[in-house]
Amino acid sequence: MPLSSLPLHALHARVTGWYREAGRELPWREPDCSPWGIFVSEVMAQQTPLSRVEPAWREWMQRWPTPAALAAAAPGEAVRAWGRLGYPRRALRLHEAATAMVQRHAGQVPATPEELLALPGVGGYTAAAVACFAFGIPEVVVDTNVRRVLARTLEAKEYPAPALTRAERDLAAHAMPAERHTANAWNVAVMELGALVCVARGPRCEACPVADLCAWNAAGRPAHEGPPRRGQAWRGTDRQVRGVLLQRLRDAHADVHVDLLHDAAADRAQVMRCLDSLVTDGLVEPLADDRFRLPA
DNA sequence: GATTCGTGGTC
DNA sequence: TGACCAAGAAT
């Protein structure tokens, strides 16, 4: 694959310089933020905009400031405190990860990418991000923002592939500065550029620090080629019904009889199927007499 | 590799 | 208004 002739050192300097001026002040970016705080922020940020993460993160950290504090709580309390951040299995896995930290890592967030990757709810992105942002390890951090920025600046494409490819990982590794300190600065800065300027729709190229270096911009910002990207179905899906059921169980601070859940969707069979799947996932605990609650 | 999994904001 | 999308992970 031909690599772009774009001068990477200029790209690094421009993006990191822009970040110093325009990067957001977020609580998990403060120098005194604990690895646990960074870990929680990364899990909450999976598929959830940071604007919605920040208030939830503050409440969470005040209530459970350490892995041990969360591990000592009931998993259902984590699910309830998760609120409407979405994908509530993340709350359960965060609780499981805290338990694993207590059992295997002396109550600390592990500091190596391999140990991080072994934790529930931690994939390649989150392991790299925590290793980099919490421990200064120059891992290749590739999220949706990085993928989009690199697709545009280096490959003249409006959007990256639907799923992360090996070629993209190689490109991201190639694009990252070699020196450790610079690499860490690059990782957070290029993500932020994708989040604030090089956004998916309506990119603000006039405000971009590397507009004159960007291959996509130079090519006249050609539209996406290939098959249209599949949206995320929602209306009438199990996800929607699961969301309704879980919201009711969060709001009810006691167990609930199944008769009060039947109207979560028009199709009663779907309601029961979703309730069963929530139990299978460990998000809901079945009790006697057809009653349900968040897991104790 | 393709699917599934919440929720809310934006245009 | 409805499609798109957001610091992805698990199966």
Side-chain angles (χ1 to χ4, degrees), chain A residues 19 23-24 26-29 37-57 79 82-94 96-97 116-134 139-150 158-169 172 187-196 198-204 224 227-250 264 273-274 277-278 280-284:
Chain A
Y19 177 78
R24 291 168 289 185
L26 297 167
W28 49 87
R29 288 180 178 169
I38 293 171
F39 186 92
V40 171
S41 80
E42 291 299 340
V43 174
M44 287 185 169
Q46 292 166 1
Q47 294 288 282
T48 301
L50 295 194
S51 57
R52 278 200 289 149
V53 166
E54 184 168 353
W57 183 90
V79 173
W82 196 255
R84 304 186 66 79
L85 281 180
Y87 291 149
R89 289 188 292 194
R90 292 184 292 163
L92 219 47
R93 291 179 182 137
L94 185 51
E96 293 170 8
L116 287 162
L117 196 56
L119 295 170
V122 176
Y125 163 75
T126 302
V130 173
C132 179
F133 303 148
E139 287 290 296
V140 182
V141 179
V142 189
D143 77 326
T144 187
N145 293 305
V146 175
R147 297 179 62 212
R148 188 173 53 250
V149 171
L150 297 184
E158 185 179 19
Y159 297 118
L164 180 65
T165 64
R166 174 60 187 272
E168 276 185 275
R169 290 199 61 81
N187 277 336
V188 65
V190 68
M191 276 179 59
E192 188 79 335
L193 186 67
L196 298 183
C198 194
V199 294
R201 286 182 297 178
R204 303 170 50 224
H224 175 72
R229 297 175 300 165
R230 286 188 68 241
Q232 303 162 335
W234 175 246
R235 193 180 65 243
T237 62
D238 284 2
R239 270 197 301 184
Q240 182 182 27
V241 177
R242 283 167 55 105
V244 171
L245 289 171
L246 208 56
Q247 182 179 3
R248 293 194 185 181
L249 290 170
R250 281 196 310 262
R273 178 175 73 246
C274 289
S277 74
L278 287 168
T280 298
D281 288 347
L283 284 163
V284 171

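First the proteins, then the strands, lettered A, B, ... as listed; each starts at 1.
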Distance check needed: [N] [atom2] versus [X] [atom1], whole Å only.
X	N	atom1	atom2	answer
A:Gln247	B:dG6	CD	P	13 Å
A:Leu164	B:dT3	CG	C1'	17 Å
A:Trp234	C:dG2	CH2	C1'	15 Å
A:Gln232	C:dG2	CD	P	17 Å
A:Asp238	B:dT3	CG	P	16 Å
A:Met44	B:dG8	CE	P	15 Å
A:Glu139	C:dA7	CD	P	21 Å
A:Leu50	C:dA6	CG	C1'	9 Å

Taking atom [atom1] in both [N] and [M], compute the distance separating them and give it to the nearest angstrom.
N	M	atom1	value
C:dA7	B:dC11	P	15 Å
C:dG2	B:dC5	P	22 Å
C:dA6	B:dG1	C1'	22 Å
B:dG6	C:dT1	P	27 Å

When we call it a touch if two heavy atoms are under 4.0 Å apart, what does [X] touch: a base, just sugar-phosphate, or nothing?
X	answer
A:Arg29	base
A:Gly86	base
A:Asp281	nothing
A:Arg235	nothing
A:Ala200	sugar-phosphate
A:Arg250	sugar-phosphate
A:Gln240	nothing
A:Arg52	base
A:Pro162	nothing
A:Leu246	nothing
A:Leu85	base
A:Trp28	base
A:Gly202	nothing

At less than 4.0 Å, is any side-chain N or O atom of [X] found next to OP1 or OP2 of [N]? Yes or no.
X	N	answer
A:Arg148	C:dA6	yes
A:Arg242	B:dG6	yes
A:Thr126	C:dA9	yes
A:Thr144	C:dA6	yes
A:Gln47	C:dA6	no
A:Tyr159	C:dC5	yes
A:Arg84	B:dG8	yes

Compare every heavy atom of [Y] with every heavy atom of [X], then report the nearest pair and how far apart it is.
X	Y	value
A:Asp281	A:Leu92	O-CD2, 3.3 Å
A:Pro27	A:Trp57	CB-CZ3, 3.3 Å
A:Val141	A:Cys132	CG2-CB, 4.1 Å

**Message:** Check this for me: does any side-chain nitrogen of one of A:Glu54 and A:Arg24 sit under 4.0 Å from a carboxylate oxygen of the other?
**Reply:**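 No, no charged N to carboxylate O under 4.0 Å.
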**Request:** May I have the step-by-step check of side chain to side chain donor-acceptor pair (under 3.5 Å) for A:Gln240 and A:Arg235, ending in yes or no?
**Result:** CA-CA 7 Å; A:Gln240 182 182 27; A:Arg235 193 180 65 243; over 6 Å; no
**Message:** Any side-chain to backbone donor/acceptor pair from A:Arg239 onto A:Ala233? Under 3.5 Å, distance only.
**Reply:**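 Yes, the answer is positive, given that a donor and an acceptor are paired below the 3.5 Å cut-off.
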**Asked** If you pin A:Gln46 and A:Pro49 to their nearest nucleotides in DNA chain C, which one's is more 5'?
**Response**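 On the 5' side of the pair lies A:Pro49.
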**Asked** Starting at the 5' end of DNA chain C, which residue's closest nucleotide do you reach first, A:Glu192 or A:Val122?
**Response**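 Taking each residue's closest nucleotide, the earlier one in sequence belongs to A:Glu192.
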**Asked** If each of A:Arg90 and A:Arg201 is mapped to the nucleotide of DNA chain B with the nearest heavy atom, which maps nearer the 5' terminus, i.e. the 5' end?
**Response**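 With A:Arg90 and A:Arg201 compared, the 5'-side residue is A:Arg90.
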**Request:** Evaluate the side chain to side chain contact (heavy atoms under 4.5 Å, CB included) criterion for residues A:Leu85 and A:Met44: first the C-alpha distance (whole Å), next the side-chain angles of each, then the deciding distance (0.1 Å), finally the verdict.
**Result:** CA-CA 7 Å; A:Leu85 281 180; A:Met44 287 185 169; 4.0 Å; yes
**Message:** A:Arg148 and side-chain contact (heavy atoms from CB on, under 4.5 Å): which single residue from A:Val146, A:Asn145, A:Leu150 fits?
**Reply:**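 When A:Val146, A:Asn145, A:Leu150 are each tested with A:Arg148, the side-chain contact (heavy atoms from CB on, under 4.5 Å) holds only for A:Asn145.
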Out of [options], which has the shortest distance to the side chain of [X]?
X	options	answer
A:Pro88	C:dA7, B:dT7, B:dG6	B:dG6
A:Arg239	B:dC5, C:dC4, C:dA7	B:dC5
A:Glu42	C:dA7, B:dG6, C:dC4	C:dA7

